[in-house]
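First up is the structure itself, then whatever we jot down about it.
Excluded from the calculations below are hydrogen atoms, water molecules and symmetry mates; all remaining heavy atoms, backbone and side chain alike, are included. Just so you know, these numbers come straight off a predicted model, no measurement behind them.
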Amino acid sequence: EFCIQVINPNTSAAMTQTIADAARAVAAPGTAILASCPTQGVESIEGHFDEAIAAVGVLEQIKQGKAQGAQGHVIACFGDPGLLAARELASGPVVGIAEAAMHVATLVATRFSIVTTLPRTVIIARHLLQQYGFEHHCAALHAIDLPVLALEDGTGFAQGKVRDRCNRAMREDGCGAIVLGCGGMANLAQELTRELGIPVIDGVTAAVKMVESLLGLGLGTSKRGDLAYPNKKPLTGCFAMLS
Ligand SMILES: NC(=O)NC1=NC(=O)NC1=O
């Protein structure tokens with residue numbers, strides 16, 4: 001009985017499919033998943049510049065999702081790009097995969113490590129830990145040092161690097177759980193949880209279940225204060241589609 005929009009903020013069709021499949025695999029029987037990505041933007045998000053570009057696409061997708069009946073939204077990129085802006089636009093809940101994975105990890109372990117893609121996205125993940133208040137729960141952050149789209153090249157090489165890095169983190173960090181730091185890793189969590197014997201948490205599936213929970217509690221985004229709908233004003237040029 002719920003309709004949840006899952007937005008891949010990058011324009012990679014392959015990664016959008018990976019994310020959609022993972023979301024649908026955990027969605028409750030009555031939950032419809034609307035998976036989408038921006039029509040224009042950047043094929044992978046690997047830094048602040050990419051995130052600024054992707055955030056506009058996220059807002060466009062939120063607007064379209066609302067029109068299509070989405071009651072809640074997931075931002076399926078580990079930088080949670082455009083999260084607060086999306087919450088201003090949305091009436092339903094909006095959950096980013098980084099915050100979702102971090103929250104879930106704190107419920108099943110006292111310390112979690114993060115395994116993400118590039119060294120520069122480790123720094124961004126550290127910023128998010130501070131922003132969300134999870135710094136003290138995170139034992140360590142690691143990068144497989146491969147670009148985001150290496151996860152979609154079909155060789156399985158990146159997936160192997162994720163597995164090895166998770167294994168090493170579990171042995172070295174004293175962490176009780178591991179957070180996968182990329183939307184494109186969504187299909188690895190179950191297998192790695194079995195293999196490693198500790199919770200390996202993907203943010204796409206965590207966020208879908210969190211949005212289901214929020215909807216089940218009858219909760220949407222607060223529209224009082226800084227998450228109220230944006231003040232009405234003319235939007236020009238390529239931003240007109242957001243008004
Ligand atoms: N840390 C990341 O790998 N972030 C990401 N960039 C993308 O394009 N999708 C992600 O999840």
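Between Ala139 and Asp173 the shortest heavy-atom distance is CB-O, 3.8 Å. Between Thr221 and Pro93 the shortest heavy-atom distance is OG1-CA, 3.7 Å. Heavy-atom minimum distance, Cys166 versus Leu192: SG-CD1, 4.2 Å. In this structure, Ala207 and Val95 approach most closely via the heavy-atom pair CB-CG1, 3.9 Å.
Under the 3.5 Å distance criterion, with hydrogens and angles disregarded, a donor-acceptor pair is assigned to the side chains of Ser36 and Gln61.
Remark: side-chain polar atoms of Glu88 are not paired, donor with acceptor, to backbone N or O of Leu227 under 3.5 angstrom. Lys63 contributes no side-chain N or O that, together with a main-chain N or O of Leu89, makes up a donor-acceptor pair within less than 3.5 Å. In this structure, Lys161 contributes its side chain and Ala143 its backbone to no donor-acceptor pair below 3.5 Å. In terms of modelled atom types and a separation under 3.5 Å, the side chain of Asp80 and the main chain of Ala98 share a donor-acceptor contact.
Taking the six-membered ring for Trp and the full ring otherwise, the centers of Phe134 and His103 sit less than 6.0 Å from each other.
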Checklist entry - Could you walk me through whether Ile75 and Val6 pass the side-chain contact (heavy atoms from CB on, under 4.5 Å) check? => result CA-CA 6 Å; Ile75 298 178; Val6 177; over 6 Å; no
Next on the checklist: Go through it in stages, so that I can follow the logic: the residues are Gln5 and Val74, the test is side-chain contact (heavy atoms from CB on, under 4.5 Å), and I'd like the CA-CA distance, side-chain angles, deciding distance and then a yes or no.
Outcome noted: CA-CA 6 Å; Gln5 179 187 36; Val74 169; over 6 Å; no
Next on the checklist: Set out, in order, the CA-CA distance, both residues' side-chain angles and the distance that settles side chain to side chain donor-acceptor pair (under 3.5 Å) for Thr18 and Asn187, then state yes or no.
Outcome noted: CA-CA 7 Å; Thr18 299; Asn187 55 358; 4.8 Å; no
Next on the checklist: Run Thr39 and Glu60 through side-chain contact (heavy atoms from CB on, under 4.5 Å) and show every step you take.
Outcome noted: CA-CA 9 Å; Thr39 47; Glu60 183 192 33; 3.6 Å; yes
Item to check | salt bridge (Lys or Arg N to Asp or Glu O under 4.0 Å) evaluation trace for Arg87 with Glu99 | outcome: CA-CA 14 Å; Arg87 285 183 176 156; Glu99 65 175 351; 2.5 Å; yes
Next on the checklist: What verdict does the side chain to side chain donor-acceptor pair (under 3.5 Å) test give for Glu212 and Thr31, after you've listed the backbone C-alpha separation in whole Å, the side-chain angles of each residue and the deciding distance to 0.1 Å?
Outcome noted: CA-CA 8 Å; Glu212 279 182 350; Thr31 295; 2.7 Å; yes
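By the 6.0 Å contact criterion, NZ on Lys209 is enclosed, its count of non-hydrogen atoms from other residues, nucleotides or ligands being greater than 12. Residue-environment remark: OH (Tyr229) exceeds the threshold of 12 foreign heavy atoms within 6.0 Å. In this structure, Gln190 places its CD atom where only 12 or fewer heavy-atom neighbours from other residues, nucleotides or ligands lie under 6.0 Å away. When the shell of 6.0 Å around CD of Gln130 is examined, it contains more than 12 heavy atoms from other residues, nucleotides or ligands.
Classification of Glu195 and Arg163 as a salt-bridged pair holds, one side-chain N sitting under 4.0 Å from a carboxylate O.
The distance from atom NE2 of His142 to atom OG of Ser113, rounded to the nearest 0.5 Å, is 4.5 Å.
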